[in-house]
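Step one of this worksheet: look at the structure below.
These numbers come from the heavy atoms of this one structure, side chains and all, not from hydrogens, waters or symmetry mates. Every chain is numbered from 1, with letters handed out A, B, ... down the list of sequences.
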Amino acid sequence: MPSHRDIAEMLFELANYMEIDGENPYRANAYRRAGQAVEHLKRPLEEIKEDLQSVAGIGKGTAAVIREIIETGESSLLNEYREKLPKGLMSLLELPGLGPKSVKTLYKKLNVTNVSELEQAIRRQQVRTLPGFGAKSEAKLLEAIQRAGTRPERLPLGHVRPVAEEVLTQIQSIPEVVQASLAGSIRRMEETVKDVDIVVATEQPDHVAREVASLPAVEEVVNRGTTKVSVLVAADWLVQVDVRIVTPEQYATALHHFTGSKEHNVRIRQIAKEKGWKVSEYGVEQLADGRTLTFDEETHFYNELGLPYIPPELRQGKGETEVGLEQGLPDLVAEKDIRGDLHVHSQWSDGHCTIREMAEAAKSKGYEYVAVTDHSRSLVIAGGLSVEDLMKQREEIDRVNRELDGITVLAGVEVDILPDGRLDYPDDVLEQLDVVIASVHSAFGQDERTMTKRILRAVENPYVHVIAHPTGRLLNRRDSYALNLPEIFKRAADTGTVLELNANPNRLDLNDRHLRQAVEDYGVTIAINTDAHRAEHLHLITYGVGTARRGWLTRHHILNTLTLDKLVKRLKGKNHGS
DNA sequence: GCCGTTTTCGGCCCGACTGTTTTCAGTCG
């Protein structure tokens, strides 16, 4: 029985083929919409099979296709297209800058059917001869091919960590494993990771090594010894997982060693050396008598060196040992400190869930409040709200608040900062909202002066509470826009404007370094928000909290650790210029 | 192909941007 997702994928593929084939684009889009409708169906397919046309976006034609897929696992229409057009055209469509029309032209005129044939055609300078193409588009496409073909050196933490946790769970279920933990950059919550490190304690290394090599998640075994097994698992790309196998006595020091960072470990060894000790993954060797100390847990290891426990997120070699020795480390913010999410979307704009669903999810996460902040009118693609819609939405928020106990939904908006720095709604509209988040979604290419002035104008608006994803970077995809951040930090602190740490793993914006600078040097307040577009995304707060901890933040630096009462007062405070 | 009605056709989120053109097609979000 195909899953909702399987059926949606087939409908999307159909839509893509239709577009390349020159079908009526609205017909193609109808299949795409039907795909989305199936993807978001909550009810089981078997149950809804006879009733498909009652679903918005599914009509007579698409219902027949879906029913055929449910019953046979295939679509004869899709099979016809697969027969008619080469499959490689689908991968061409993924290249940024190439749409269906261009793919069709490349196929019909040059018989290009896949990415490598396109690359050859570009190198022969054939593409520039086609109508609508030129030398510049050749260069852009070549760059896109090269970017797409090579795995990025590092992958976003949020893409790899779930896979790593799955592998860890599988390892922990091996009976002979005493203890196991993630280590390395994943444990330090670095925003991107190259590979996965896992430390495993056991009395039977040979057996565990064999078991690890044959775990269900493993796609390929790179090498297998008795102390280290390296395997490949599937995330966005194949990711290497290095599993280190040690004795239970060595576990704490091995975990410390393989957690790093390299810079942190260098400092630790220096400190040990001054005491006449030698630190390695196997323990702390006392050079005087050759005895090696081992520990139950990392805390005892640190204490032995005269240090407080240093959380993995701080182990960057950026002063954590010195500060730890001299004044102790800050009490870093933890996930349990977060009392609400101030940036989520609903079906009113480009979110997938109703306001009630988002509120219930927030409540079951233990939150006190959640702010619904849908897009403003300029962001048409994301279903930006007119002023009228915004007011209607307010009524729904009021209703949900009446219906639900134990969670408060705040009426908010994510208002666009237009290219000239004006906001997408007038002040008298913003004034009526509980939470106003402002952000840039257009004209990313402005020079530093223009962009800085543009954002400063939003910072200085008395009704703007939070600037969302302040630098606009997307990991592995888009750099930050040109921006004088210190100037923004300064004005934000002066005006009481909060800057966001967007917890989406593709953003993590502000990043750890910015956060530490903004808070330590300027006294800026930070809000950690998920920007959730569906209820499940609320859990992404984990990556925000991890990043905040890397930036040395405590709960006192963070807006949404406040209770609802204090939060509301703080938000009102800005309007009154205090 | 879907949908809604100003119901059985005609519109379908639409504006910015780019590189190609010489007034615009294609892509993107």
Side-chain angles (χ1 to χ4, degrees), chain A residues 8 10-38 52-69 75 77-78 80-81 89 92-109 118 122 127-144 148 345 347-351 374-386 388-389 414 416-420 424 439-446 469 472 474 477-478 481 504 506-507 531 533:
Chain A
M10 290 171 88
L11 292 167
F12 295 150
E13 194 181 338
L14 264 170
N16 287 339
Y17 273 125
M18 286 175 182
E19 277 188 319
I20 295 173
D21 200 36
E23 248 296 356
N24 173 1
Y26 293 112
R27 182 175 181 229
N29 210 29
Y31 278 84
R32 196 163 284 129
R33 293 179 72 117
Q36 284 165 356
V38 172
L52 282 167
Q53 284 180 68
S54 67
V55 179
I58 299 176
K60 207 171 140 201
T62 48
V65 173
I66 295 167
R67 221 170 287 127
E68 185 190 356
I69 298 174
S75 155
L77 184 60
L78 180 55
E80 276 172 37
Y81 274 113
L89 297 183
L92 285 175
L93 223 38
E94 313 240 308
L95 289 175
L98 269 195
K101 296 273 170 59
S102 314
V103 169
K104 185 182 182 186
T105 308
L106 288 165
Y107 173 54
K108 295 280 182 201
K109 304 262 183 183
L118 174 60
I122 292 170
V127 173
R128 64 180 63 186
T129 65
L130 299 175
F133 291 87
K136 257 192 172 159
S137 33
E138 273 190 347
K140 281 206 150 183
L141 281 173
L142 194 56
E143 207 192 314
H345 295 271
Q347 284 176 355
W348 282 80
S349 66
D350 59 350
D374 278 310
H375 289 287
S376 63
R377 55 194 175 187
S378 282
L379 212 59
V380 175
I381 174 67
L385 269 57
S386 66
E388 254 185 8
D389 287 340
E414 180 177 9
D416 253 52
I417 306 174
L418 303 173
D420 62 1
D424 199 17
S439 57
V440 167
H441 289 108
S442 60
F444 299 136
Q446 291 179 337
H469 41 77
L474 291 173
R477 294 213 296 266
R478 185 171 78 203
Y481 17 83
N504 185 295
N506 297 311
R507 290 193 182 270
D531 202 350
H533 282 67

Between [N] and [M], how many Å separate the two [atom1] atoms, rounded to a whole number?
| N | M | atom1 | answer |
| --- | --- | --- | --- |
| B/dA25 | B/dT20 | P | 16 Å |
| B/dT8 | B/dG4 | P | 15 Å |
| B/dT18 | B/dT23 | C1' | 15 Å |
| B/dG15 | B/dC9 | P | 29 Å |
| B/dT27 | B/dT21 | P | 15 Å |
| B/dG26 | B/dT22 | P | 14 Å |
| B/dA16 | B/dG11 | P | 23 Å |
| B/dC13 | B/dG29 | C1' | 11 Å |

For [X] against [Y], the heavy-atom pair lying closest together:
| X | Y | result |
| --- | --- | --- |
| A/Ala15 | A/Tyr31 | CB-CB, 4.1 Å |
| A/Asp424 | A/Ser376 | OD2-OG, 2.8 Å |
| A/Leu95 | A/Ala144 | CD2-O, 3.9 Å |
| A/Leu418 | A/Ser378 | CD2-OG, 3.5 Å |
| A/Leu98 | A/Leu141 | CG-CD2, 3.5 Å |

Exercise for the section: Would you mind reporting whether A/Leu118 and A/Val127 have side-chain heavy atoms less than 4.5 Å apart? Expected result: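 With C-beta onward as the side chain, the pair touches.
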Handout entry: Beyond-backbone contact of A/Ile69 with A/Leu78, side-chain heavy atoms, under 4.5 angstrom
Key =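 Contact flag for A/Ile69/A/Leu78 side chains = no.
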Tell me if a side-chain donor or acceptor on [X] pairs with a main-chain N or O of [Y] at a distance below 3.5 Å.
| X | Y | value |
| --- | --- | --- |
| A/Asn506 | A/Leu474 | no |
| A/Gln446 | A/Pro419 | yes |
| A/Glu23 | A/Ala28 | no |

Practice task
Identify, between A/Asn29 and A/Gly61, the residue whose nearest nucleotide on DNA chain B lies closer to the 5' end.
Solution key: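 First, find each residue's nearest nucleotide; the 5'-ward one identifies A/Gly61.
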Exercise for the section: Between protein and nucleotides 6-12 of chain B, map the contacts as a letter string: B base, S sugar-phosphate only, - none, heavy atoms under 4.0 Å, written 5' to 3'. Expected result: ------B
Practice task
At under 4.0 Å between heavy atoms, which parts of nucleotides 15-28 of chain B does protein reach? Answer with one letter per nucleotide, 5' to 3': B base, S sugar-phosphate only, - none.
Solution key: ---SSS-----SSS
Handout entry: Assigned partner base of B/dC14, Watson-Crick or wobble definition, under 3.5 Å
Key =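 WC or wobble partner is B/dG29.
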Just how far, in rounded Å, is [atom2] of [N] from [atom1] of [X]?
| X | N | atom1 | atom2 | value |
| --- | --- | --- | --- | --- |
| A/Leu52 | B/dC3 | CG | P | 12 Å |
| A/Phe444 | B/dG29 | CZ | P | 9 Å |
| A/Arg32 | B/dG29 | CZ | P | 13 Å |
| A/Glu414 | B/dG29 | CD | C1' | 14 Å |

Exercise for the section: Remember a base hit wins even if backbone is also touched, and classify A/Ala56 as base, sugar-phosphate or nothing at under 4.0 Å, heavy atoms. Expected result: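 Sugar-phosphate contact only - A/Ala56 comes under 4.0 Å of backbone atoms but never of a base.
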Practice task
Scan A/Val55 against the nucleic acid and name what it touches under 4.0 Å (heavy atoms): base, sugar-phosphate only, or nothing.
Solution key: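 Result for A/Val55 = sugar-phosphate.
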